[in-house]
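Quick notes on the structure that follows.
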Amino acid sequence: MDLSRVMPPKNVAVPAVSFAQHPGLVARLRELYPDAKINTEGIPHYRTERETIAYLRGYDAAIVSFEPINDRVLGALPELKVVSKLGVGLDKIDAAAMKKRGVRLGWTPGVNKRSVAELTIALAIAALRHVVLLNAAMRRGERPMQRMGRQLSGRVVGIHGCGQIGQELVKLLQPFECRVLACDIVDHSEFYARHGVTAVTFEQLLERSEVLSIHLTVTKRTRGLYTASVLDRLRSDCVLINTARGRIVDEVALKERLRDGRIAAAAVDAFAVEPPTDDELLNLPTFIATPHIGAGSEEARWRMGVTAIEGLTDNFVPEPGMYPFEDT
């Protein structure tokens, strides 16, 4: 892929809701592009292609988050030449459409890895120790007696997808002396050897993990991967965590298995539809839900925003089938 820098854009639009949540990013962008249009109202422009097109019309560069960038959108925006990504998820970016129309992509991997990895640790401990369930009971005035939980220390932790975030999670788990298993289509053997990680197959990951944390991107291979039959292969005491993307786990099947105790607990930060609408799932006592806050720390948001601004001039024309679109 072409990694060359290009001339600064003339006019920039930022539909990404989360960009303006850090006021320092707004000031930084306006220093470089005083006339930039920035979504400071907090109104999403990603629910439909029409919304995205309407916001970006007339601009030659954009900083996006969940906005769809596909052939229909780009076809309606012939003046758009650069799309810079706030964050790392590329499931809304159509590499083939960008290459076809010569649109360049600004993207920096790993900018939110520590934030997501820390949230994963928090969710694992909260699920193992029934923190959310017992806090809700205390708030209702029930004042429950102690309830036995399990420590994260010494558990078998499975990591599905050991890229930037998965590797950061491995490092954070070191003091807990967990037995860490990892499943990835990429060879990370040198990293595994340095950090005492055991490479396993998908089947072994399902069968052995007491805590199983998903850190996959959404591709043709991973979309809907955690089906009912896959979930049935988890240990009955497993805590399943998804801080990656929705559409990887069958949420209906997950609800059924949590309801009848076939899975001990689950914690999800990314849903197929956001905000999620299944109140039955959200209200299960063994389910923890957060509203896609994996990258929602001040530190991560700043780094995401700064690299997105840099991506307006430091970018490339994506190539389908090549990094970071190998599996498209």
task = Assess the pair Y46 and Y55: is the distance between their ring centroids shorter than 6.0 Å?
result = no

ask   = Is there a donor-acceptor pair closer than 3.5 Å between any side-chain N or O of R30 and the backbone N or O of A36?
value = yes

task = Find out if a path of hydrophobic residues (ILVMFWY) with successive side-chain heavy-atom gaps under 4.5 Å connects V14 to L77.
result = yes

inquiry  = Using a 3.5 Å distance criterion without hydrogens, assess whether the side chain of N39 forms a donor-acceptor pair with backbone atoms of I43.
reply    = yes

query = How far apart are the C-alpha atoms of R101 and D71, what are their side-chain angles, what is the distance that settles it, and do they pass the salt bridge (Lys or Arg N to Asp or Glu O under 4.0 Å) test?
reply = CA-CA 8 Å; R101 299 184 181 276; D71 196 52; 2.9 Å; yes

task = Could you tell me whether a side-chain N or O of W107 sits under 3.5 Å from a main-chain N or O of V88, the two making a donor and an acceptor?
result = yes

request  = Answer yes if L128 and L212 sit in the same cluster of Ile, Leu, Val, Met, Phe, Trp and Tyr residues linked by side chain heavy atoms under 4.5 Å apart, and no otherwise.
outcome  = no

ask   = Under 3.5 Å, side chain of D269 to main-chain N/O of I293, donor-acceptor pair present?
value = yes

query = Does I38 share a hydrophobic cluster with Y59, counting links as ILVMFWY side-chain heavy atoms below 4.5 Å and allowing steps through other members?
reply = no

task = Please answer: with hydrophobic residues joined when any side-chain heavy atoms are less than 4.5 Å apart, are V197 and L173 in the same cluster?
result = yes

key: Test item: E177 side-chain N/O and S153 main-chain N/O as donor-acceptor pair under 3.5 Å   = no

task = Answer yes if the side chains of T217 and T219 hold a donor-acceptor pair under 3.5 Å, and no otherwise.
result = no

query = Taking atom CD of E274 as the centre, does the number of heavy atoms from other residues, nucleotides or ligands within less than 6.0 Å exceed 12?
reply = yes

message = Apply ring pair (Phe, Tyr, Trp, His ring centres under 6.0 Å) to residues H292 and F271 and explain how you reach the verdict.
response = CA-CA 8 Å; H292 211 137; F271 292 84; 8.9 Å; no

query = If Ile, Leu, Val, Met, Phe, Trp and Tyr residues are connected whenever their side-chain heavy atoms lie under 4.5 Å apart, and connections chain through other members, are I241 and L225 in the same group?
reply = no

task = Look at the side chain of K85 and the backbone N and O of S65, then say whether any donor-acceptor pair between them is shorter than 3.5 Å.
result = yes

query = Can the positive tip of K255 be found less than 6.0 Å from the middle of the six-membered ring of F287, inside 45° of the ring normal?
reply = no

Side-chain (H215) to main-chain (T243) donor-acceptor, under 3.5 angstrom = no

query = When you measure from the side chain of R147 to the backbone N and O of L133, does any donor-acceptor pair fall under 3.5 Å?
reply = no

